[in-house]
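Below: one structure, written as structure tokens.
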Amino acid sequence: MRNRLFAIAAIAGATAVPIAAQAQSTIGTGGGSAVVIGEHVEGIAPDVRPAFREYIVRERVPNYTISERVTVGAVLPEAGVTYYDVPQSFGVTPYRYTVVNGQTILVEPRSRRIVQVVD
């Protein structure tokens, strides 16, 4: 009975590894890479980034200044920064955007973690 349970657990573990690896998020490194989840890119796609930047300028989104460096994975302060919804014309995304230290960024709204620097 015990051997049977170990066998079942081993099989379940072996089949779960590829699924877990596929479900993990890979946050891009430097240069404003998008967040990749599985094979899907979330955030502002490269082909619409110029139009998105023009939108930010037209909307006159205020620039917030913080002392920390703006990098993917950094967490923004709890107070002092306003987040805006990304218009659906730029892709459906669960993230919000703002401008910090002169850079347009996408932020996960609950954690305030930067997920994309829109270059």
Side-chain angles (χ1 to χ4, degrees):
M1 181 70 174
R2 181 179 278 188
N3 288 339
R4 183 180 240 177
L5 288 175
F6 285 129
I8 291 171
I11 291 170
T15 58
V17 170
I19 294 169
Q22 191 174 27
Q24 288 180 347
S25 301
T26 303
I27 297 181
T29 57
S33 298
V35 173
V36 178
I37 299 175
E39 295 180 8
H40 304 288
V41 175
E42 294 188 21
I44 305 300
D47 58 330
V48 295
R49 287 180 190 164
F52 185 67
R53 283 190 297 275
E54 289 175 18
Y55 169 80
I56 301 298
V57 170
R58 263 194 328 270
E59 292 297 309
R60 297 182 184 173
V61 175
N63 178 44
Y64 298 95
T65 303
I66 60 173
S67 59
E68 295 85 25
R69 231 177 109 201
V70 176
T71 59
V72 172
V75 177
L76 294 177
E78 192 169 340
V81 180
T82 302
Y83 305 101
Y84 305 92
D85 291 330
V86 175
Q88 288 186 349
S89 60
F90 297 108
V92 177
T93 178
Y95 306 120
R96 304 288 189 277
Y97 76 90
T98 192
V99 179
V100 177
N101 295 352
Q103 296 180 289
T104 302
I105 57 174
L106 288 186
V107 178
E108 198 289 314
R110 288 187 207 147
S111 67
R112 301 177 322 280
R113 184 172 307 281
I114 299 172
V115 294
Q116 182 183 23
V117 178
V118 182
D119 54 3

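All of these numbers come straight from a predicted model, not from anything done at the bench. Position 1 is the first residue of the sequence, and the numbers go up from there.
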Give the minimum heavy-atom separation between [X] and [Y], together with the two atoms involved.
X: Tyr95; Y: Pro109; value: CA-CD, 4.2 Å
X: Arg96; Y: Asp85; value: NE-OD1, 2.7 Å
X: Val100; Y: Asn63; value: C-OD1, 3.6 Å

In the structure I gave you, are the side-chain heavy atoms of [X] and [Y] within less than 4.5 Å of one another anywhere?
X: Leu76; Y: Tyr64; result: no
X: Thr98; Y: Ile105; result: yes
X: Tyr97; Y: Tyr55; result: yes

Check for a donor-acceptor pair, side chain of [X] on one end and backbone N or O of [Y] on the other, with a separation under 3.5 Å.
X: Arg113; Y: Glu108; value: no
X: Asn101; Y: Ile66; value: yes
X: Gln116; Y: Ile44; value: yes

- Before giving the answer on side-chain contact (heavy atoms from CB on, under 4.5 Å), spell out for Thr71 and Ile114 the whole-Å C-alpha distance, their side-chain angles and the decisive distance to 0.1 Å. CA-CA 7 Å; Thr71 59; Ile114 299 172; 5.9 Å; no

- Approximate separation, where rounding is to 0.5 Å, of Ile56 CD1 and Phe90 CZ: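 Interatomic distance, Ile56 CD1 to Phe90 CZ, rounded to 0.5 Å: 7.5 Å.
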
- What's the verdict on side-chain contact (heavy atoms from CB on, under 4.5 Å) for Phe52 and Val86, showing C-alpha distance, side-chain angles and the deciding distance? CA-CA 9 Å; Phe52 185 67; Val86 175; 4.2 Å; yes

- Should Val115 and Val75 be regarded as members of a common hydrophobic cluster, given that ILVMFWY residues are connected when their side-chain heavy atoms come within less than 4.5 Å of each other, either directly or indirectly?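 Each belongs to a different hydrophobic cluster.
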
